[in-house]
There are 2 protein chains.
Amino acid sequence: MTATAALQAFAPVPMPAIPVRDVARGNIAKFPTHCSSCGLRESCLPCGLSGQDVDHLNELVYTRRRLKRGESLYRAGDEFSSLYAVRSGFFKTVQTLEDGRDQVTGFHMAGEIMGMDGIGPETHICNSVALEDSEVCVIPYSRIENLGRDMHALRHQFHKVMSREIVREHGVMLLLGTMRAEERLATFLLNLSQRFTARGYSPSEFNLRMTREEIGSYLGLKLETVSRAFSKFQEDGLISVQQKHVQILDVAGLKRCMGQKSDEASRVSGNGMKIA
Amino acid sequence: MTATAALQAFAPVPMPAIPVRDVARGNIAKFPTHCSSCGLRESCLPCGLSGQDVDHLNELVYTRRRLKRGESLYRAGDEFSSLYAVRSGFFKTVQTLEDGRDQVTGFHMAGEIMGMDGIGPETHICNSVALEDSEVCVIPYSRIENLGRDMHALRHQFHKVMSREIVREHGVMLLLGTMRAEERLATFLLNLSQRFTARGYSPSEFNLRMTREEIGSYLGLKLETVSRAFSKFQEDGLISVQQKHVQILDVAGLKRCMGQKSDEASRVSGNGMKIA
DNA sequence: CGGGGATTTGACACATATCAAGAGCGGTGG
DNA sequence: CCACCGCTCTTGATATGTGTCAAATCCCCG
């Protein structure tokens with residue numbers, strides 16, 4: 001922790017105004033909006049917070065911000081001041097290596113929180129880009145810190161959200177470290193399906209918001225490999241895919257794809273059980 | 001959040017006794033120990049906390065626990081109750097896939113915090129294993145929650161620690177997703193070197209606590225590939241390696257290894273700059 | 001209707017996995 | 001003290017999955 005940061009830690013922290021950057025970028029919602037009346041309350045940061053905290057909750061989110069497709073919510077190097085909850089739309093976060101190589105570290109949809117990687121470094125370390133026209137709730141980090149003092153539940157909930165992000169990344173590490181191309185894509189599709197389901201969309205039919213290249217970047221594969229895997233799944237009757245439109249035809253088949261090495265793929269018995 | 005969890009979140013949380021599990025496993029230090037007098041204070045969770053918080057700090061860690069080499073600190077599925085700070089020794093955390101494949105998700109040395117992945121799921125999701133005789137400070141999570149209410153600085157510091165874990169994992173994702181074998185090993189060695197340095201050990205000479213297989217698991221490589229990369233580095237005069245003993249001879253050379261594709265490796269100019 | 005990015009598909013290259021054998025090292029017990 | 005055993009590590013030969021390069025097609029969007 002830097003000396004400055006240590007000072008900040010003990011200074012009284014006033015409720016912040018809207019961060020200058022956000023105002024400068026325009027697109028601030030005209031009317032402040034509140035968690036308490038938000039349809040995503042149960043799947044977002046305030047998840048699980050009870051009625052008695054509702055009034056406080058409304059202090060959490062001060063503004064929303066709209067982004068057009070392709071626009072950056074924040075960039076690596078930007079000063080960290082707020083977290084962002086996706087209200088609508090779809091984002092990717094991209095981390096860049098000094099030599100120019102980069103990788104998509106996550107895709108984020110409604111109710112998910114972005115920007116937590118900035119708390120430690122006090123600077124955003126990745127870029128967040130809207131993959132379609134989107135809207136986010138701006139949650140000034142100092143609000144979380146302040147409200148967290150009195151709201152045990154919010155404090156705990158916030159810890160959980162960060163912890164889940166760590167767990168998610170463990171899963172990605174496993175995927176990148178141990179899975180083959182088709183397994184990775186199957187895992188990815190099933191994960192998307194599950195997240196869409198949780199938001200009330202169809203579990204079996206959806207439009208991808210990202211390109212093959214972005215999928216590949218996330219999965220540690222080249223776009224051609226992703227494309228081939230899609231084709232293979234279609235040949236095998238597991239999915240139907242046309243450009244960005246995906247329909248999952250055989251969930252069990254996809255699950256079977258996960259967790260098997262290539263030479264096992266052909267030896268799967270008819271009842272769908274893996275051969276031990 | 002489950003209903004139970006929501007209840008817990010609002011229930012008054014008493015200062016917990018020593019977790020039953022830790023007592024049952026024995027090896028609880030006889031005398032409670034305190035952060036305020038700990039040599040690792042500046043590199044551990046309390047980093048940056050000032051004098052006025054010292055008294056409170058001492059409530060943070062209740063016990064220590066000793067582990068022999070090979071012993072598990074916690075296992076996937078164990079109920080989550082505490083975080084652990086490495087006081088001495090060396091740990092690996094391993095995550096396992098349903099089909100039996102597993103991966104080392106991290107190596108942890110003095111001052112580093114383990115177990116944060118358990119907060120969200122309320123269950124540990126990976127195994128933590130001592131790679132040498134080690135000692136950890138047991139930090140009951142409820143203490144952090146309680147002390148965090150009054151100690152703004154601790155709350156913030158804890159967020160930072162979690163955030164840094166997220167950032168670390170982003171780095172691993174990049175490594176796994178975009179780097180070639182030798183780059184991965186170079187990155188790994190330089191990272192180790194840096195962490196040893198920060199703890200007052202030699203930056204250029206150290207003993208690996210883990211096997212080639214464990215390194216490979218962490219880096220998404222097979223042990224043979226790790227071994228070959230070690231040999232290659234030695235041939236090139238970048239390191240000297242004998243079994244677990246490693247000496248870094250050419251830091252710049254290792255850094256040059258990172259961030260280049262194989263066909264670039266031979267085209268590196270004499271002054272060590274990469275060819276654009 | 002045109003243009004440019006996205007996607008698909010093929011042929012081939014190459015990095016790493018796999019399989020295999022042997023050497024080195026450390027601990028144990030006679 | 002030495003011999004043995006098991007585990008780790010190294011090294012070689014070969015297999016294979018994915019990357020690379022290239023070309024054609026598709027499709028969205030202006």
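Just so it is clear: chains get the letters A, B, ... in the order the sequence lines come, proteins before strands, and each one is counted from 1.
Residue A/G216 is out of contact with every strand shown, counting any heavy-atom pair closer than 4.0 Å. Across all strands shown, B/R69 has no heavy atoms under 4.0 Å from either base or sugar-phosphate atoms.
The distance between atom CD of A/E183 and atom P of D/dG17, rounded to the nearest whole Å, is 12 Å. Going from atom NZ of B/K222 over to atom C1' of C/dT18 covers 9 Å, rounded to whole Å. Residue B/L175 contributes atom CG, which lies 12 Å from atom P of C/dT16 at whole-angstrom precision. Rounded to an integer number of Å, the gap from A/R180 CZ to C/dT16 P is 17 Å. The distance between atom NZ of B/K232 and atom P of D/dG12, rounded to the nearest whole Å, is 14 Å. Atom-to-atom, CG of A/D133 to C1' of D/dC29 comes out at 14 Å; the value is rounded to the nearest Å. The distance from atom CG of A/L219 to atom P of D/dG19 is 11 Å, rounded to the nearest whole Å. When the P atom of C/dA17 is taken as reference, atom CD of B/E182 falls 12 Å away, rounded to whole Å.
Judged as a side-chain hydrogen bond (donor to acceptor under 3.5 Å, both in side chains), the pairs with a partner in residues 198-207 of chain B (not counting sequence neighbours) are, in order, B/E112-B/R199, B/S202-B/S204, B/E205-B/H245, B/N207-B/H245. Residue pairs meeting the salt bridge (Lys or Arg N to Asp or Glu O under 4.0 Å) criterion with at least one member in residues 83-96 of chain A, sequence neighbours excluded, are A/K92-A/E214.
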What pairs of donor and acceptor atoms, side-chain ones from residues 233-242 of chain A against any protein atom, are under 3.5 angstrom apart with sequence neighbours left out?
| residue | atom | partner | partner atom | Å |
| --- | --- | --- | --- | --- |
| A/Q234 | OE1 | A/V241 | N | 2.9 |
| A/D236 | OD2 | A/K232 | NZ | 3.0 |

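Residues B/L73 and B/L67 meet the side-chain proximity criterion, which asks for heavy atoms closer than 4.5 Å.
Applying the side-chain contact (heavy atoms from CB on, under 4.5 Å) criterion to B/A76, with sequence neighbours excluded, gives B/N127. When the side-chain contact (heavy atoms from CB on, under 4.5 Å) test is applied to B/R228, the partners found at least two apart in sequence or on another chain are B/E224. Residues that satisfy the side-chain contact (heavy atoms from CB on, under 4.5 Å) test with B/T93, not counting sequence neighbours, are B/Y74, B/T105, B/H108, B/M114, B/C126, B/S128. Under the side-chain contact (heavy atoms from CB on, under 4.5 Å) criterion, A/S227 pairs with no residue at all, not counting sequence neighbours.
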Heavy-atom contacts, protein to nucleotides 3-11 of chain C, under 4.0 Å, summarised as B (base), S (sugar-phosphate only) or - (none) per nt, yield ---SSBBBB
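With salt bridges taken as basic N to acidic carboxylate O contacts below 4.0 Å, one links B/E183 and A/R101.
The C1' atoms of five pairs define one axis at each end of the helix from C/dC1-D/dG30 to C/dG30-D/dC1, and these two axes lie 40° apart (to 10°).
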